[in-house]
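Since this is a predicted model, take the numbers as computed values, not measurements.
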Amino acid sequence: MLVLLGLAVMWYGRRASGPETGIVAQDFSLPVVSGGDGQVVLSSLRGSPVLIEVVATWCGVCRRSAPTLAAASRLTRKRAVRFVAVSVDDQESDARLLARDWNIPYEVVHDDGHFAKSYGITLLPTFVVIDADGRIAHVSSGAPGPDDVEEWLAEVGAERL
């Protein structure tokens, strides 16, 4: 009985973090701390799918998920996908360390708390897939496997070749 309760809580938790699917993603502008310069502005990415992973240095599950996302970002796809890691660490310097220590090959941005609040992020890691039209296509929390990530990206026409 306790195991079933635990599984139910885990399943509910996997669905409880992040925005609703089907809605237009709220625009944001966050400073790039690794993998580029300037800001990542969501509205400027329209026309391409975007996979956002929300992470923090202190999150062990996030650390374990990093290689899966890094590998997925390196694959050739039917449609280009923009991968963005959003660090919710208190300090930008922690976000830079996360990018370096976890070998994240795409942009890492730092959130001062506004992004996480506006997107309803309550669990880490949370993954948000936005389609080329700017709509939330998929939201998930917890450690994904490679097949999970491929399924999410196939939903937005970004199958691997």
Side-chain angles (χ1 to χ4, degrees), residues 6-30 32-36 38-56 59-88 95 98-99 101-111 115-161:
L7 288 173
V9 168
M10 260 181 46
W11 180 251
Y12 175 74
R14 291 177 65 95
R15 299 285 184 195
S17 182
E20 294 288 323
T21 59
I23 65 170
V24 174
Q26 185 172 343
D27 198 16
F28 62 81
S29 178
L30 295 170
V32 175
V33 297
S34 178
Q39 305 273 319
V40 168
V41 179
L42 181 63
S43 59
S44 72
L45 304 180
R46 283 268 169 97
S48 295
V50 179
L51 191 155
I52 299 169
E53 63 173 324
V54 186
V55 297
C59 172
V61 177
C62 301
R63 180 183 286 270
R64 289 191 301 277
S65 298
T68 300
L69 273 288
S73 75
R74 290 184 181 106
L75 295 173
T76 303
R77 300 192 172 278
K78 184 176 179 180
R79 173 180 236 174
V81 177
R82 185 77 169 263
F83 285 75
V84 178
V86 176
S87 168
V88 295
L98 175 147
D101 293 350
W102 297 3
N103 298 311
I104 297 178
Y106 41 87
E107 291 167 313
V108 176
V109 299
H110 183 253
D111 175 31
F115 170 86
K117 184 176 181 180
S118 68
Y119 269 61
I121 305 300
T122 57
L123 297 170
L124 295 180
T126 291
F127 303 91
V128 180
V129 180
I130 302 169
D131 70 17
D133 296 324
R135 293 197 173 278
I136 306 289
H138 184 87
V139 178
S140 183
S141 296
D147 291 342
D148 298 320
V149 176
E150 291 307 318
E151 184 179 310
W152 305 342
L153 294 176
E155 290 175 19
V156 293
E159 301 90 340
R160 70 184 206 188
L161 295 177

Which atom of [X] lies closest to which atom of [Y], heavy atoms considered:
X    : Y    : value
Y119 : Q26  : OH-O, 2.6 Å
L153 : L51  : CD2-CD1, 3.8 Å
V88  : A116 : CG1-CB, 4.1 Å
P144 : W152 : CB-CH2, 3.5 Å

Tell me, do [X] and [Y] make a side-chain contact under 4.5 Å, heavy atoms counted?
X   : Y   : value
V41 : F28 : no
V86 : L30 : yes
R64 : C62 : no

* Only one of V139, V128, V129 clears side chain to side chain contact (heavy atoms under 4.5 Å, CB included) with T21; which? ->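 Answer after filtering V139, V128, V129: V139.
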
* Picking from T122, T126, I121, what satisfies side chain to side chain contact (heavy atoms under 4.5 Å, CB included) with S141? ->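 Single pass found, and it is T126.
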
* Asked: Do the charged groups of R135 and E20 touch, with an N to O distance under 4.0 Å?
  ->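 The answer is no: the pair does not qualify as a salt bridge.
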
Side chains of residues 68-76: which donor-acceptor partners sit under 3.5 Å, not counting sequence neighbours?
residue, atom, partner, partner atom, Å
S73, OG, A70, O, 2.7

* Asked: Parallel, tilted or perpendicular: which fits the ring planes of Y106 and F83, with parallel below 30° and perpendicular above 60°?
  ->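 Tilted, since the angle between the ring planes falls between 30° and 60°.
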
* To do: Walk me through it: do E159 and R79 pass the test salt bridge (charged side-chain N to carboxylate O under 4.0 Å, His left out)?
  => CA-CA 7 Å; E159 301 90 340; R79 173 180 236 174; over 6 Å; no

* Could you walk me through whether V109 and V84 pass the side-chain contact (heavy atoms from CB on, under 4.5 Å) test, one step at a time? => CA-CA 7 Å; V109 299; V84 178; 3.9 Å; yes

* Spell out, as yes or no, whether a donor-acceptor pair under 3.5 Å connects the side chain of D148 to the backbone of G145. =>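 Yes: the side chain of D148 pairs with the backbone of G145.
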
* To do: If a pair satisfies side-chain hydrogen bond (donor to acceptor under 3.5 Å, both in side chains) and one of its residues is in residues 39-51, list it, with sequence neighbours excluded.
  =>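 The answer is D27-S43, S29-Q39.
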
